[in-house]
Amino acid sequence: MAKLWAGRTSGVIDPAAEDFNSSIRFDSRMYREDIIGSIAHAHMLGAQGIISHSDMEAIVEGLGDILDGIEHGTIPIDPAAEDIHSFVEGELTRRIGEPGKRLHTARSRNDQVAQDLRLYLRGQCDETVGLLKKLIRALTETAGKNAAVVMPGYTHMQRAQPVTFGHHLMAYAMMFLRDIGRIEDARARMNVTPIGSCALAGTTYPTDRRAEAAELGFDGVSRNSLDGVSDRDFCVELAAALALVMTHLSRFSEEIILWSSWEFKFIKLSDAYSTGSSIMPQKKNPDMAELCRGKTGRVYGDLMALLTVLKGTPLAYNKDMQEDKEAIFDAFDTVKACLGVFSPMVATMQVNAKSMRDAAAGGFINATDLADYLVGKGMPFRTAYKLVGNIVEECSEKGMTLEDVPIEEYRKYSELFDEDLYKAIDIDECVKRRTSEGGPGGGWVQRQIEYIMGSIGDD
Ligand code: ARG
């Protein structure tokens with residue numbers, strides 16, 4: 001196919017080099033953004049008198065038809081095209097002739113591709129935020145139903161202090177809320193257009209960059225033309241935000257995998273989100289969670305790829321930048337795919353409150369509460385800590401829990417112990433009394449739910 005840049009060179013390129021150079025395979029997904037960007041550009045050129053009104057109308061109509069044709073499958077995107085920008089321009093000229101050749105006035109593919117990408121990623125941000133909100137809703141709903149279901153809280157994977165399942169789930173809801181904030185921050189910074197930077201040095205034509213920006217819903221224009229065409233910070237920022245989404249999904253996945261194991265039995269995943277084994281008939285595997293955990297590696301890789309591609313590229317545009325798209329598209333595709341299965345998996349999992357409660361009761365999860373009991377009777381905390389440590393040691397040797405120890409035994413350790421200690425170490429009581437802000441008791445889980453629901457709105 002004749003190259004749109006044939007002129008200085010013959011435009012005849014070795015087929016392998018042509019294939020290597022082409023980005024149509026992955027940038028064709030930006031056809032819509034490319035076309036609406038070109039329509040805005042034609043409007044601006046017409047309004048500024050850079051092209052005639054009739055040429056502007058012919059271009060806008062031709063581009064509208066191409067958009068329609070691609071969307072309805074009547075115009076197939078040529079897989080041999082160099083990129084989506086040359087495909088659209090070539091198709092336009094093929095259809096409307098001479099006026100089509102005027103579209104690329106006061107523009108370069110360098111500012112065009114940077115604008116297309118920002119437009120496209122704006123939509124990806126909105127879709128991803130929508131999916132994160134769905135996950136948060138599933139979490140808050142399950143958290144609300146399980147706000148009083150006691151479970152062991154862990155540090156170092158050792159049973160530490162009792163919490164509730166609702167409390168635990170809301171911790172994840174907070175992470176995903178911050179993820180939304182990060183994506184929205186990056187989106188806001190990204191929402192300026194480089195269009196009009198042209199190849200790198202702006203243009204001599206009397207363009208109106210701000211009119212184009214306004215038509216496309218940008219908040220403004222980039223302020224330096226060299227930066228405009230070479231800035232891909234937004235890709236890195238978004239990939240970093242997406243990498244953190246995956247970190248959170250991966251941590252959550254790990255817990256879901258543990259909780260659904262025979263050893264924990266805290267939850268049971270719905271059959272719709274588990275798989276079986278081809279050989280072991282008893283198996284019900286948490287493949288979705290494992291895949292989310294595994295795909296985290298891809299998204300981290302995308303972030304590293306973007307950072308490394310940009311490192312050391314001199315100003316302004318370099319072809320290296322074509323490598324931005326596959327990485328950032330893959331990061332969004334992966335995160336969206338994970339969220340798409342994760343939310344219904346969470347919404348449909350069965351909670352085994354009894355297993356959680358039993359696990360909380362089995363260890364010495366109320367040891368801190370026993371120390372706090374002594375503190376309440378006047379003993380310094382460090383002394384109480386040591387004394388309870390000795391009691392725990394003796395209990396574990398004898399295979400007893402703190403609830404099993406008779407009062408006479410307790411009294412051998414300290415005169416301060418009284419019958420009321422049993423109430424103080426009752427697991428449910430231990431949770432209820434943790435009323436400090438953000439803790440599992442005192443209605444704080446409910447307040448977290450209200451806060452989150454207020455933050456994400458109803459859309
Ligand atoms: N396909 C190219 C990219 O993705 C478009 C810009 C090409 N510009 C150029 N001067 N070769 O970056």
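For ligands, and for the atoms within them, numbers begin at 1 and follow the listed sequence.
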- Task: State whether the number of non-hydrogen atoms from other residues, nucleotides or ligands found under 6.0 Å of Lys101 atom NZ is greater than 12.
- Result: no
- Please determine if Lys354 and Asp358 form a salt bridge, counting it only when a charged side-chain N lies under 4.0 Å from a carboxylate O. yes
- Message: Below a 4.0 angstrom heavy-atom separation, can you tell me which part of Gln112, side chain or backbone, both or neither, approaches ligand 1?
- Response: neither
- Should the pair Lys3-Glu18 be classified as a salt bridge under the 4.0 Å nitrogen-to-oxygen rule? yes
- Nearest protein heavy atom to atom 5 (C) of ligand 1, by residue and atom, and its distance? Asp83 OD2, 3.5 Å
- Shortest protein contact, atom 10 (N) of ligand 1 (heavy atom only): Asn110 OD1, 3.0 Å
Under 3.5 Å donor-acceptor pairs involving side-chain atoms of residues 284-293, not counting sequence neighbours:
from	atom 1	to	atom 2	distance (Å)
Lys284	NZ	Leu269	O	2.6
Lys284	NZ	Asp271	OD1	2.8
Asp287	OD1	Thr275	OG1	2.9
Asp287	OD2	Thr275	OG1	3.0
Arg293	NH1	Glu254	OE1	2.4

- I would like to know whether Leu92 and Glu89 meet side-chain contact (heavy atoms from CB on, under 4.5 Å); could you show each step before the answer? CA-CA 5 Å; Leu92 180 71; Glu89 192 186 324; 5.6 Å; no
- Message: Please list the nearest protein heavy atom to atom 7 (C) of ligand 1 with its residue and the distance rounded to 0.1 Å.
- Response: Tyr317 OH, 3.5 Å
- Nearest non-hydrogen protein atom to atom 11 (N) of ligand 1, with distance, is Arg109 NH2, 3.8 Å
- Counting heavy atoms only, which of Met30, Lys325, Glu82 comes nearest to atom 4 (O) of ligand 1? Lys325
- Does the His167 side chain pair with the main chain of Gly438, one donor and one acceptor, at a distance under 3.5 Å? yes
- Task: Enumerate the atoms of ligand 1 whose separation from the nearest heavy atom of Ser23 is less than 4.0 angstrom.
- Result: 1 (N)
- Query: Considering only protein heavy atoms, which is closest to atom 2 (C) of ligand 1, and at what distance to one decimal place?
  - Reply: Gln322 OE1, 3.2 Å
